[in-house]
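Structure first, then comments.
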Amino acid sequence: MPALQPVRGTRDILPEEMLRHRHVEQTAFEIAARYGFAEISTPILEFTEVFSRTLGDTSDIVTKEMYAFEDRSGDSITLRPECTAGVARAVLSNGLAQHLPLKFFCRGPMFRYERPQKGRQRQFHQVDVEVLGVAQPMADVEIIALGAHILEALGVSEKITLELNTLGDGESRDAYRKILVEYLAEHRDRLSDDSLTRLERNPLRIFDSKDEGDRAVVAGAPLLTDSLNGASREFFDALCEGLQAAGIAYRLNPHLVRGLDYYCHTAFEFTTEALGAQGAVLAGGRYDGLMEQMGGPPTPATGWAAGVERLAMLIEDPAPTVRPIAVVPVGDGPHHGAFGVAQRLRRAGFAVEMGFSGNLAKRMKRANKINARATVLLGEDELARDAATVRDMDTGEQSDVPLASLETHLARYR
RNA sequence: GUGGCUGUAGCUCAGUUGGUUAGAGCACCAGAUUGUGGAUCUGGGGGUCGGGGGUUCAAUUCCCCUCAGCCACCCCA
């Protein structure tokens, strides 16, 4: 354990930053609720197979990014790298496949063993929505609309564009893979080393490459959209029409692919230029095959996840929290009486901070520092006649208020 | 995992061609002001110069290793 440092890629979220996180999560949660999403929480730990079976043996997450370890009983356990597999598992574990369709909202920490960068930590947080049991593209339209709605509510829409693509169904993708591999093999000599291994494992991801040689090759490559079968074409058209009808602007990006094996049809990413290389802020797609892969019944599903840290970096400072009322005993005598008053006000719904150390000037300083809206001063003489001196901290005005009407008097400062 | 940049007080940063007790601003604490905050003035605390090793009479400064952050790749939220 070297020094007093947090583990690499993890960090403490101090109150100021926590407010931003909270704002992102609460906004997402509240708007998702309006769309009928119910919050669930699944364990941070899952058996490793939950992820390795579903994300694909060739995905980066499984091959190099999983926080996996053996527990005391010898089981292989993994800190969840994403939400979807856990939610799907929960649906099967709880027999919820009987109750489709389901709409879930989920939030919490995720873990990926990556090299940290700004906007990319080993422990990070996501908010996540999943729709299970709906095969129609309207489900995709709805979750994309929800995503756009949340980003708008967070005030970050102008910095973000929606990119959209289709991966087609299995048949379309198999057909395309053949054509693509043939084409790429012809240009093998111009591909980067990275892309040569991609060619073996997951040729679609060559489209992601930033290598110039790769890009040149990819520019002339056949497109998946040209290999779509009728059903896939129809699905994608319906999705695009649905988005247009909903007034959601998007940019078709035929090169947009997904790193995880379970995706099909819809693939989308809300991205920003403002965060450097970590531009994806909310992304997802359709995963019709996942539940079956996990051993459950074939179940169509679609969903997305959004990065809380990334969004927290984009938003303006959230509205300031309520300004408290400071209760200040004068001298050391009235502490108990003052505390009684503070408790009364707290029960009445006021945010109350009490200062009782140092001389009066010190206590006032403290009241000022916590940005108190008003200070309730309680000295021996005030308490003796059941009254308080209330000071408006903005105007400096003071008034003598009977304790009986304190709540009424302070109501203006809520 | 690969390549590069950076690391001095809580924060932002000075500093040293290697040389006594490493500085500033902000923040913090105390006093001026023991029944009144915000301004001002005065004083104070706080540093293993990221960590370890090496070279040297002497290292914050030069060299090596290591840790962390940042940038790009990889990948993704």
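The sequence lines fix the lettering, A, B, ..., with proteins before strands; numbering per chain opens at 1.
Side chain of A:Asn359 to main chain of A:Ala361: a donor-acceptor pair is present (N/O by atom type, distance under 3.5 Å, no hydrogens or angles). Formation of a donor-acceptor pair under 3.5 Å by the A:Ser93 side chain with backbone atoms of A:Arg89 is found in this model. At least one donor-acceptor pair under 3.5 Å links the side chain of A:Arg363 to the backbone N or O of A:Gly331. In this structure, the side chain of A:Gln293 engages the main chain of A:Arg53 through a donor-acceptor pair within 3.5 Å. A:Arg286 contributes no side-chain N or O that, together with a main-chain N or O of A:Gly303, makes up a donor-acceptor pair within less than 3.5 Å.
Between B:rG15 and B:rA72, the distance separating the two C1' atoms is 32 Å to the nearest Å. Remark: the separation of the C1' atoms in B:rC11 and B:rU16 is 23 Å, to the nearest Å. Straight-line distance between the C1' atoms of B:rU61 and B:rU17: roughly 10 Å, to the nearest whole Å. Between the P atoms of B:rU60 and B:rU55, the separation comes to 15 Å (whole Å). If you take atom P in B:rA59 and the same atom in B:rC75, they sit 48 Å apart, rounded to whole Å. A gap of 25 Å separates the C1' atoms of B:rA14 and B:rU42, to the nearest Å. Taking atom C1' on both nucleotides, B:rC13 is separated from B:rA27 by 15 Å, rounded to a whole Å. Rounded to whole Å, the separation between the P atoms of B:rG1 and B:rA9 comes to 28 Å.
Using a 4.0 Å heavy-atom criterion, one finds that A:Gly331 contacts no nucleic acid atom at all. Among the atoms of the strands shown, none is found under 4.0 Å from any heavy atom of A:Gly284. If you check every strand for non-hydrogen atoms under 4.0 Å, A:Glu309 touches nothing. A:Gly333 comes within 4.0 angstrom of no nucleic acid atom, judged by non-hydrogen atoms across all strands. Nucleic acid contact class of A:Glu269 (heavy atoms, under 4.0 Å, all strands): none. Looking at heavy-atom distances under 4.0 Å, A:Val330 makes contact with a base. Across all strands shown, A:Ser209 has heavy atoms under 4.0 Å from sugar-phosphate atoms exclusively, and none from any base. Within the nucleic acid shown, A:Met393 comes within 4.0 Å of at least one base atom, counting heavy atoms only. Among the protein residues, A:Leu377 comes within range of the nucleic acid bases, having at least one heavy atom under 4.0 Å from a base atom. Contacts of A:Arg198 with the nucleic acid, taken as non-hydrogen atoms under 4.0 Å apart, involve only primed sugar atoms and P, OP1 or OP2. Note on A:Ala367: nothing from the nucleic acid sits closer than 4.0 angstrom, heavy atoms only.
A:Leu256 and A:Ala267 get closest at one heavy-atom pair: CD2-O, 3.5 Å.
Residue order along RNA chain B, read from the 5' end via each residue's closest nucleotide, puts A:Ala277 first among A:Arg310 and A:Ala277. Take the nearest nucleotide of RNA chain B for A:Gly396 and for A:Leu282: the residue whose nucleotide is more 5' is A:Gly396.
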Below 3.5 Å between N/O atoms, which protein atoms pair up with nucleotides 25-32 of chain B? Just atom names and distances, please.
from, atom 1, to, atom 2, distance (Å)
B:rC28, OP1, A:Lys369, NZ, 2.7
B:rA30, OP2, A:Lys362, NZ, 3.3

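Taking 3.5 Å as the limit, the base of B:rC74 and the side chain of A:Arg120 contain a donor-acceptor pair of atoms between them. Contact of A:Arg115 with B:rG3 (side chain to base): a donor-acceptor pair of N or O atoms is detected under 3.5 Å. Within 3.5 Å, no donor on the side chain of A:Arg366 pairs with an acceptor on the base of B:rG37, nor the reverse.
Distance A:Gln121 CD to B:rC75 P: 20 Å, rounded to the nearest Å. Look at CZ on A:Arg80: it is 14 Å from P on B:rA77, rounded to the nearest Å. The interatomic distance linking A:Arg8 (CZ) with B:rG51 (C1') rounds to 15 Å, in whole Å. In this structure, A:Leu256 places its CG atom 10 Å from P of B:rC76, rounding to the nearest Å. Spacing between atom CG of A:Asp214 and atom P of B:rC73 amounts to 13 Å, rounded to whole angstrom units. Atoms CD (A:Gln278) and P (B:rC73) sit 8 Å apart, rounded to a whole Å. One atom, CZ of A:Phe207, and another, P of B:rC75, lie 14 Å apart when rounded to the nearest Å. A straight line from NZ of A:Lys210 to P of B:rC73 spans 4 Å, rounded to a whole angstrom.
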Item to check | Secondary-structure string, 5' to 3', Watson-Crick or G-U under 3.5 Å, | for another-strand partners, for RNA chain B | outcome: (((((((..((((.....[...)))).(((((.......))))).....(((((..]....))))))))))))....
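OP1 or OP2 of B:rU36 has not a single side-chain nitrogen or oxygen of A:Gln398 nearer than 4.0 Å. Distances shorter than 4.0 Å separate none of the side-chain N or O atoms of A:Lys118 from OP1 or OP2 on B:rC70.
A:Arg80 forms no cation-pi arrangement with A:Phe51, by the criterion of a distance under 6.0 Å to the ring centre and an angle within 45° of the ring axis. A:Arg107 forms a cation-pi arrangement with A:Phe29, by the criterion of a distance under 6.0 Å to the ring centre and an angle within 45° of the ring axis. A:Phe350 carries A:Arg414 over the face of its six-membered ring, with the cationic atom under 6.0 Å from the centre and within 45° of the normal.
Checking B:rU36, B:rC70, B:rG37 against every side-chain atom of A:Pro116, the shortest atom distance belongs to B:rC70. The side chain of A:Arg391 approaches B:rG38 more closely than any other nucleotide in the set B:rA68, B:rA77, B:rG38.
Just one of A:Ile143, A:Leu102, A:Ile31 meets the side-chain contact (heavy atoms from CB on, under 4.5 Å) condition when paired with A:Phe37; it is A:Ile143.
Listed by first and then second residue, the ring-ring contact (aromatic ring centres under 6.0 Å, His included) pairs involving residues 161-185 of chain A are A:Tyr183-A:His187 (not counting sequence neighbours).
Ion pair A:Glu114/A:Arg120 flagged as a salt bridge, since at least one NZ, NE, NH1 or NH2 atom sits closer than 4.0 Å to an Asp/Glu carboxylate oxygen.
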Item to check | Step-by-step salt bridge (Lys or Arg N to Asp or Glu O under 4.0 Å) determination, A:Asp394 to A:Arg323 | outcome: CA-CA 12 Å; A:Asp394 288 348; A:Arg323 296 174 65 185; 3.0 Å; yes
